[in-house]
*Asks:* 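Sharing a structure, written as structure tokens. Questions coming.
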2 protein chains.
Amino acid sequence: MARRNDHSREQLREMALLASESIISRDGVDGLSTRKVAQEIGYSAGTLYQVFNNFDDLVMQLNSRTLSRLQLQMSQQQRHDARNRLKHYGYCYLRFAHQQPELWHLLFEHRAANPEQRPEELLNNIDALFNLVKVALTELQPTCSENDLTVTANSLWSGIHGIAVLMLKGKLFDGDLQSAEQAVNCLMNNFIQGWTSQGERHA
Amino acid sequence: MARRNDHSREQLREMALLASESIISRDGVDGLSTRKVAQEIGYSAGTLYQVFNNFDDLVMQLNSRTLSRLQLQMSQQQRHDARNRLKHYGYCYLRFAHQQPELWHLLFEHRAANPEQRPEELLNNIDALFNLVKVALTELQPTCSENDLTVTANSLWSGIHGIAVLMLKGKLFDGDLQSAEQAVNCLMNNFIQGWTSQGERHA
DNA sequence: ATAGTAATTAAACAACGTTCAATTAGCAAG
DNA sequence: CTTGCTAATTGAACGTTGTTTAATTACTAT
């Protein structure tokens with residue numbers, strides 16, 4: 001029996017999340033289980049329920065970490081030109097999905113039994129990510145209304161997300177990064193070209 | 001014990017797939033199980049393995065049906081104008097996802113343990129769907145090369161797919177159909193506008 | 001009718017998330 | 001230093017899951 005003061009609750013949480021990431025990188029998303037995590041950190045499965053509400057809670061907290069890592073990668077090395085910055089965001093997103101397909105899959109494809117218990121941290125990180133896109137778009141069209149901006153950012157970024165999804169799904173883009181990057185490039189170029197072309201705005 | 005000549009193999013398959021769809025619409029994707037299907041058709045779980053290689057095989061065959069239904073919806077009521085046809089495809093795709101979220105989720109989000117055993121029928125249906133898009137794009141740019149056409153169709157359709165994914169995910173677009181349609185409209189307008197604008201092509 | 005074949009089943013297996021009574025460790029008071 | 005209380009930890013149990021297999025049963029052909 002592990003002693004009671006060996007690790008604090010916070011340490012336990014940290015260990016469990018770390019172990020989870022290790023298990024996922026070894027056995028894939030479907031290889032993650034409470035019993036494996038428990039064994040890896042030297043506790044029994046029941047103890048995990050002192051730290052997490054349930055399995056989905058563990059996954060959510062894992063996703064929070066993943067998302068903030070992604071956000072970090074995207075927000076660093078800012079380019080001056082808004083156009084190139086948007087492209088950079090798309091490539092970052094894609095590269096992240098390609099480098100950590102399992103964590104990415106868990107982040108965007110996991111279905112919680114009770115979606116209501118999504119931690120705020122995760123929702124905030126999503127918002128922060130979308131704001132990066134909106135800021136860049138604003139620079140391209142300073143006169144654009146807030147509402148149109150939101151729709152446009154949503155549309156464009158959904159597109160990038162779709163490319164990442166289908167890249168990992170494997171069939172489209174031969175599942176390789178380069179051809180997916182080509183798709184991001186194509187989408188970005190045409191979308192931005194259309195959006196900034198004189199005449200009517202298409203929000 | 002169900003009698004041996006009560007149903008042919010093909011009938012059994014049909015019954016199982018029908019029962020599966022019924023279970024999914026009642027209990028959701030995660031409510032689908034071999035035992036439930038077996039019970040619903042009056043056989044034991046083991047018998048299913050005479051008709052399906054495994055659970056994933058059943059899901060794949062279910063997905064084939066779903067996809068061909070989607071393809072049917074998309075290919076009917078063809079509009080003459082290529083631009084409007086593309087939009088129609090997008091709306092169809094979105095509406096289908098919205099009306100049958102569980103089957104749609106199973107179709108695009110299910111991860112087979114062994115992805116190699118995807119039935120050809122499913123792959124063919126995917127190709128057929130993409131061809132609709134490519135044909136419409138060709139009409140917009142008859143001089144476009146086959147390679148550029150493929151990249152463009154992939155990019156555009158991935159974008160539509162991404163919107164559908166995030167609509168069902170619930171957070172973006174408030175999870176409602178109307179605002180997702182707005183996003184499709186935005187993406188389509190800007191993308192097509194950019195792609196058909198004079199000057200450089202962005203494949 | 002009987003022998004042989006093939007479909008069907010029930011039971012078993014391993015693994016899953018989750019719960020809970022029992023146990024044990026740590027701390028505080030006497 | 002011992003005793004008693006509290007709370008962390010555990011192992012076993014429950015109800016699931018997909019899948020396999022030995023035994024049984026139903027049909028067919030001789």
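A, B, ... follow the sequence lines: proteins, then strands. Residue 1 opens every chain.
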*Asks:* Would one find a side-chain N or O of A:S33 under 4.0 angstrom from OP1 or OP2 of C:dA15?
*Replies:* no

*Asks:* Can you measure B:D57 atom CG to D:dT20 atom P for me and round it to whole angstrom units?
*Replies:* 12 Å

*Asks:* Any salt bridge linking B:R26 with B:E102? Criterion: basic side-chain nitrogen under 4.0 Å from a carboxylate oxygen.
*Replies:* no

*Asks:* Around B:Q39, counting heavy atoms of other residues, nucleotides and ligands shown, do more than 12 lie under 6.0 Å from its CD?
*Replies:* no

*Asks:* Rounded to the nearest angstrom, tell me the gap between atom CD in A:Q39 and atom P in C:dG17.
*Replies:* 13 Å

*Asks:* Quick one: which of D:dA8, D:dT17, C:dT8 gets closest to the side chain of B:R35?
*Replies:* D:dT17

*Asks:* Can you tell me if the side-chain N/O atoms of A:T47 get under 4.0 Å from OP1 or OP2 in D:dT10?
*Replies:* yes

*Asks:* Check this one for me: any side-chain N or O of B:T34 less than 4.0 Å away from OP1 or OP2 of D:dG18?
*Replies:* yes

*Asks:* Measure CG/A:L48 against P/C:dC16 and give the value in whole Å, please.
*Replies:* 13 Å

*Asks:* Whole angstroms only, please: what is the CG-P distance between A:D27 and C:dA15?
*Replies:* 12 Å

*Asks:* Take the protein atom CZ of A:F52 and the nucleotide atom P of C:dT18, then report the distance between them rounded to whole Å.
*Replies:* 12 Å

*Asks:* Please say whether more than 12 non-hydrogen atoms of neighbouring residues, nucleotides or ligands are located less than 6.0 Å from CD in B:Q178.
*Replies:* no

*Asks:* Taking CZ from A:F55 and P from C:dA15, how many angstroms apart are they, rounded to a whole number?
*Replies:* 16 Å

*Asks:* Looking at D:dT9, C:dA10, D:dA8, which one has an atom nearest to any side-chain atom of A:R9?
*Replies:* D:dA8

*Asks:* Tell me which nucleotide among C:dT9, D:dT9, C:dT18 gets nearest to the side chain of A:Y49.
*Replies:* C:dT18

*Asks:* Expressed as a whole number of angstroms, how long is the span from A:H7:NE2 to D:dA8:P?
*Replies:* 16 Å

*Asks:* Figure out the OH/P separation between A:Y43 and C:dT23, and round it to whole Å.
*Replies:* 21 Å

*Asks:* So, B:T150 side chain and B:E146 main chain: donor-acceptor pair closer than 3.5 Å or not?
*Replies:* yes

*Asks:* Verify the ring-centre separation between A:W195 and A:F191: is it less than 6.0 angstrom?
*Replies:* no

